[in-house]
Enquirer: 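Dropping the structure in here first, questions after.
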There are 8 protein chains.
Amino acid sequence: MLIADGSKMLMIGDSVTDVGRARPVGRKQHDGLGNGYVKFFDAMLTSRYPERNFEILNMGISGNKVTDLETRWQTDVLDLNPNWLSIMIGINDVWRHYDSPCNDDLVDAHLYEKTYRTILDQVRSQLDGLILATPYFIEANRQDPMRIQMESYGSIVKQLAADFDAIFVDTQAAFDVFLEHKSSHYLAWDRIHPNGTGHTILSNAFLRAVQYEF
Amino acid sequence: MLIADGSKMLMIGDSVTDVGRARPVGRKQHDGLGNGYVKFFDAMLTSRYPERNFEILNMGISGNKVTDLETRWQTDVLDLNPNWLSIMIGINDVWRHYDSPCNDDLVDAHLYEKTYRTILDQVRSQLDGLILATPYFIEANRQDPMRIQMESYGSIVKQLAADFDAIFVDTQAAFDVFLEHKSSHYLAWDRIHPNGTGHTILSNAFLRAVQYEF
Amino acid sequence: MLIADGSKMLMIGDSVTDVGRARPVGRKQHDGLGNGYVKFFDAMLTSRYPERNFEILNMGISGNKVTDLETRWQTDVLDLNPNWLSIMIGINDVWRHYDSPCNDDLVDAHLYEKTYRTILDQVRSQLDGLILATPYFIEANRQDPMRIQMESYGSIVKQLAADFDAIFVDTQAAFDVFLEHKSSHYLAWDRIHPNGTGHTILSNAFLRAVQYEF
Amino acid sequence: MLIADGSKMLMIGDSVTDVGRARPVGRKQHDGLGNGYVKFFDAMLTSRYPERNFEILNMGISGNKVTDLETRWQTDVLDLNPNWLSIMIGINDVWRHYDSPCNDDLVDAHLYEKTYRTILDQVRSQLDGLILATPYFIEANRQDPMRIQMESYGSIVKQLAADFDAIFVDTQAAFDVFLEHKSSHYLAWDRIHPNGTGHTILSNAFLRAVQYEF
Amino acid sequence: MLIADGSKMLMIGDSVTDVGRARPVGRKQHDGLGNGYVKFFDAMLTSRYPERNFEILNMGISGNKVTDLETRWQTDVLDLNPNWLSIMIGINDVWRHYDSPCNDDLVDAHLYEKTYRTILDQVRSQLDGLILATPYFIEANRQDPMRIQMESYGSIVKQLAADFDAIFVDTQAAFDVFLEHKSSHYLAWDRIHPNGTGHTILSNAFLRAVQYEF
Amino acid sequence: MLIADGSKMLMIGDSVTDVGRARPVGRKQHDGLGNGYVKFFDAMLTSRYPERNFEILNMGISGNKVTDLETRWQTDVLDLNPNWLSIMIGINDVWRHYDSPCNDDLVDAHLYEKTYRTILDQVRSQLDGLILATPYFIEANRQDPMRIQMESYGSIVKQLAADFDAIFVDTQAAFDVFLEHKSSHYLAWDRIHPNGTGHTILSNAFLRAVQYEF
Amino acid sequence: MLIADGSKMLMIGDSVTDVGRARPVGRKQHDGLGNGYVKFFDAMLTSRYPERNFEILNMGISGNKVTDLETRWQTDVLDLNPNWLSIMIGINDVWRHYDSPCNDDLVDAHLYEKTYRTILDQVRSQLDGLILATPYFIEANRQDPMRIQMESYGSIVKQLAADFDAIFVDTQAAFDVFLEHKSSHYLAWDRIHPNGTGHTILSNAFLRAVQYEF
Amino acid sequence: MLIADGSKMLMIGDSVTDVGRARPVGRKQHDGLGNGYVKFFDAMLTSRYPERNFEILNMGISGNKVTDLETRWQTDVLDLNPNWLSIMIGINDVWRHYDSPCNDDLVDAHLYEKTYRTILDQVRSQLDGLILATPYFIEANRQDPMRIQMESYGSIVKQLAADFDAIFVDTQAAFDVFLEHKSSHYLAWDRIHPNGTGHTILSNAFLRAVQYEF
């Protein structure tokens, strides 16, 4: 397993990461990691490797786009001084084009990539490990316009992972395996916010990425 | 406009009809009609035709399938003695096949039609007017499995409307016009429960069905 | 219909506009437009013209008089940069003379007109469209002192509409049609705050003003 | 003052009597008399005549019409065995004709009188004192339809007071004195439910009726 | 009645005055005068003299001693610019000697008088009328130590009333009349905070002081 | 210490015993003994004698008089099968004569004694130990009418203790020692419901009665 | 993996199973499985085997002992007709000897085994699979009295698993592995109710028992 | 008894001291001392020595370590100017090593002693009396690692008591007497936060330290 003893890993993102985590910093104490994949990831790691000490921090905030991450990057990431970082951002950047097309702060692919690159530039050198996860849309129809756009943002994440020597987590692919057998309705009423099964798909994708041994 | 002075119209269905209506009977007094299409329909009618007296009752219950309507048909419809009745049921009958495929009380098309026919048999003769609305799925992709199944249940409603001399409201068609221009995300996060715009599409479909004059 | 694609319309007023809208800005997202005529107006427009993009903002605040609008005009109107604006103000300016005659901040007709003119001067040039709606009192008796005063403030609004090239909405007249058939008690317990039917009378008056096609 | 030492006086009516009184019986203990004229009446009596023992009971229920009093007459009046009784009922009997004209349980003047007479017949013989108060409508315009109907129901009360040897309290007249100087808006937003000033007008009318000495 | 048309009367004191009044200023609007003697006083005045306009303000704060009044005198009295003022303060100044004898901020008689005189000096010249009410202790035993001390503070109030040309209200005397017939338990569980009957004794004492005509 | 290993002691009374204990039975588990003398008594006993097992039950109910104990004696005492029992009842029996003199269910001394004797007859034979505590009134003035009556009821308790071979706890005497030095205000705002210091006076009186060794 | 497509698995136990599950039956829908090992077990299974349909039911109730299971066995197990069943019971049976030694309903080892055997006799024949899990105490000291007793109850479970052809889950052993490296404080403040890490240790033990493939 | 008339005693510590005390200062008035040993200590003292005046302040804050005391020493101790002071700190300093071994602000023995000495240096000269209480762990197994560490921190407290002429309270020893007979489960589910019995063990240890006479 890749994460060494004594690591502090910060996980940041949007509502899929947040899921009710504690403010201002989501920590394991007092059950402050929220009820999503971050909690499951922490529980699987800490139960399996009791001989190592990890500290997982959840810094997700519901509704965030990559531009929101940039705004709070200093206080919410750099000041907390992690040596591992995971980022899953982009769902709201895409989604707003569909549910709020009149908004004047839509994030197009160019701004998405540029902003994402900026925050990575600021943090990469201080990290032992970096995980970049794609945004996703739990929809089996590959011709769906929002899925197509989400995949294109995911491609940007894949390129960034290559450029910044990061571990790449393809969450869309993880959900697609499931969608071969059951409907998206089984995982998430709005195709975005997963239930326990959906969050486990996410946390297991992250666990595999760090070479977790069951 | 088809609804005559002195009419009592009962509108029944699932959560799309319910939307927080008062219990045990949703009446206009104390704002008990919920916050969905029933309220809008009542408000449009009563504001436009002040010279007539109507009483609209909302008897929707969240989560209901046609089999649930049958169970409460005596107390929730017959005992209230309406002379107009609208029914919009079937969304949950279909949806459960996708979000809860392991449930043992799924309603297939045969049971749907048979049960629907049974309740109509019990009530038709006492009505001056009957409105049957299709279930719907706010999804533009016509190949989506749940949409296909929803449309097939909608076809049953269309046949029942013909058989029982009812006014037919094609809610799926009403939403499809909108989906030519904007995404389903604009109307409903889960493609089922509409926001104000979506409920207005429904209420306007009902209003046109009773030959409302704007 | 007069409102062009891409418009941002701000609707401001008192409690009749507010009706529980979100703070600091009432937007369509998360159902933040309140439960009154603003919501109905938005729902009718957006459901009917899906090919256009509109953004409606609700900036009403309960209890406001025209002098309150002046105080918050910069932050609550000018800074939000709308190209359409609707104003319905004056009910509290008149009402306070009757329920709180001892108050020392009563707004007489002169102050009403002068203040109203001041805020219009500041905003008119940046607008593509301006709607000015009269205050109203849902009382059939045309000799009622408060109704008489309300109508005189309404006349000021009519003159301002002419002076500022605005669309004029006569809400008093819209209610009067209804009062020929039913009592004010049917619309509003206090003859000011409408129920759903009353708010629909208002929203339909606004819709007709912008040449809405049902 | 007419009420003798040791009396138990029960006051019954609608929301104007209720005003949040305790259930099932509104007593002075634990501040259970509500916040309306019953509380003020009790406080004025008991503070002025400490040498006498009175027990005042508040049995008002919001929304009640005379037919509702009849339904609960045995448990809520006869079983409590008062020797003084005051009744103020009729506002809802009239009001429903205006705010809910479609209701099928409207109480016309004939039913009002007949029902009222029935309950008085059952109780009169056991009472030392009986007070009958008119319903009222706080509206200065004597041509207002609801006021005219309210006064006609008040005339029935006046006749019943004569027939049953009761003290007659003309609440409409008490409010009319006030309305010569100030608007109804000063007393009650909906012209029915009074603020503290309005409830004091009522309690003072009752106090004068029992020959209270200030 | 002494209070002229157009007067603004401010009533200040401790919890007996406060009784849940609105913050920051207790006004009649929205029922902000609390549920004690201030509300009753206002209701009796305004119901009896509709031809005059009064504004009553409640500025009582629970737990206040005269030294607390001094602290907030500028903002809570002078800035509000009343032309009538009533003060009832001193209960807590005395009471703390008995329930919290270890407190280090006890107010002895000398400090009481000196502070009281200071605040009166600041305000007297701007007033048309001033009412000074004694503190009280609802205890029939005239040898009770706290009652003796309370009466001595009351004597200071009486002297101040003479020195500042104020109307003097002897609340202790008003309660003593009552205590000849019934126990203090009937009025107040703790002999300080009155129920409705007790507050009416207070409000009637104030009403008589301003020559109210019932 | 008198209470033997394995004892189950039930403590019953009014609000002074209750103090928020759990329903239907107040047990030590989940902090169900309330926040009064019962909790302190249990804590002192169990912390001092860990080598013994005691179970203390709190069955006090606020507002109870001895007649209320009789009503629930079977279910709340006999059915729970204690071998030790303490009773402190009588405060409300006396108090109601002063705060609610018009009540028709006042308990006079004769009824008090007779009822008390009845319940003791039913339970005495099954008990290893019985404690009877006087009611009290925390008032230093021995001429106070309510204190005089309270002491006379206390004398009845003393006689009953003698007749039924019970341990007698003179709570009035315990408070009187304190009142020689400090005011009743220090212990209880209403002279009945003690603060922590007052409850400790009670629990220490009970502890001394069972020969507790500090 | 042992659990076949179409299975209905019921998991029963005490608060460690319950963890806030829905009533009367804890189902996956509306997140009704609680926040403990049952939820994690379901999420891992359903995310890994989307091609199979499982229904997991959580029927744990906080505080239960094996005697409580017996009481509700018919309604809470047999009537729900599962084909798989897991039981983890015994913690409270042991714990009460330590936190409530005075209780008169303690369950000794003999009663534990006898009752456990009775409920297994009633259900075994209808099951395709049965899982019996030991109770546990998260305490590293093997000489701790409560741990010793817990292990002896666990031995009974092991024997029952053999007798009833059940899959045996040794939860104590699963925790002991962890305790070699970190303190019990890291998993559970009271050494019984686990945090997320502790519940994951449990769910992973159950998953291994059914031959889950990560 | 050592504490003289007129003393102000401040008691500071962590959650065992806090137990819901009032903010910003926990005083006896309005029941602000919390529900732990501080309240019991105050109640025992004040009930036993009514001829003296004491003021007890509770300044405990949940979760505090000695480093937290240092941070707030000026405002929470020195500014309040006590002449008696008790400190019980160290539980969290030790506990965090076991429940949160990954935290980066753990307090080792050296820092514990150094910080403790610093705050004592600042306050000792102004005190008439100082009480230093050990931290504790309610665990009978003397080989338990956390107990061993807790005792070593307790030894530091003992040395500090000697160095600063303080009264030493050995809370661990007080609990150990109890643990010879009953389990820690009887006193505290997590072996730290006591129930009423446990808090009484603490308060009695403090009472004996000040030579309380029962």
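Letters A, B, ... mirror the listed sequences (proteins, then strands); counts begin at 1.
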Enquirer: In terms of heavy-atom proximity below 4.5 Å to chain D, should Arg52(E) be classed as side chain, backbone, both, or neither?
Expert: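 The backbone, not the side chain.
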
Enquirer: Are any non-hydrogen side-chain atoms of Ile91(D) and Phe137(D) less than 4.5 angstrom apart?
Expert: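 No. Closest side-chain heavy atoms not under 4.5 Å.
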
Enquirer: Over 60° means perpendicular and under 30° means parallel, so classify the ring planes of Phe214(E) and Phe214(D), tilted if in between.
Expert: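 Because their plane-to-plane angle is under 30°, the rings of Phe214(D) and Phe214(E) count as parallel.
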
Enquirer: With a 3.5 Å distance limit and no angle check, can you tell me whether Asp5(E) reaches the backbone of Asn53(E) through a side-chain donor-acceptor pair?
Expert: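 A pair under 3.5 Å: yes.
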
Enquirer: Between Asn81(D) and Lys8(D), what is the shortest heavy-atom contact and its length?
Expert: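 Closest pair (atom of Asn81(D), atom of Lys8(D), distance): O-CD, 4.0 Å.
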
Enquirer: Taking the side chain as every heavy atom from C-beta outward, state whether Trp73(E) and Asp76(E) have any atom pair closer than 4.5 Å.
Expert: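 In short, these two side chains do not touch, never coming nearer than 4.5 Å.
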
Enquirer: Under 4.0 Å between a Lys/Arg side-chain N and an Asp/Glu carboxylate O for Asp99(E) and Arg96(E)?
Expert: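 Here Asp99(E) pairs with Arg96(E) in a salt bridge, since their nearest N and O are under 4.0 Å apart.
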
Enquirer: Is any side-chain heavy atom of Val123(D) closer than 4.5 Å to a side-chain heavy atom of Leu85(D)?
Expert: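 Val123(D) reaches Leu85(D) side chain to side chain.
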
Enquirer: In residues 10-44 of chain E, which residues are in contact with chain D at a heavy-atom separation under 4.5 Å?
Expert: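 Against chain D, the residues of residues 10-44 of chain E that fall inside the cut-off (heavy atoms, under 4.5 Å) are Lys28(E), Asn35(E), Lys39(E), Phe40(E), Asp42(E), Ala43(E), Met44(E).
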
Enquirer: Specify which of Thr200(D), Asn195(D), Val177(D), Leu187(D) makes the most heavy-atom pairs with chain E at under 4.5 Å.
Expert: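 Heavy-atom pair counts peak at Thr200(D).
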
Enquirer: Is the shortest side-chain heavy-atom distance between Ile3(E) and Tyr49(E) below 4.5 Å?
Expert: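 Ile3(E) vs Tyr49(E): side chains apart.
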
Enquirer: Verify whether one side chain among Arg48(E) and Asn204(D) offers a donor that lies under 3.5 Å from an acceptor in the other.
Expert: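 No, no side-chain donor-acceptor contact under 3.5 Å.
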
Enquirer: Select all residues of residues 151-174 of chain D having any heavy atom within less than 4.5 Å of some heavy atom of chain E, and report them by number, or 'none'.
Expert: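 Residues qualifying by a heavy atom under 4.5 Å from chain E are absent, so none.
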
Enquirer: Looking at CD of Glu51(E) and CZ of Phe178(D), how far apart are the two atoms once the value is rounded to the nearest 0.5 Å?
Expert: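 Going from the CD atom of Glu51(E) to the CZ atom of Phe178(D) covers 9.5 Å.
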
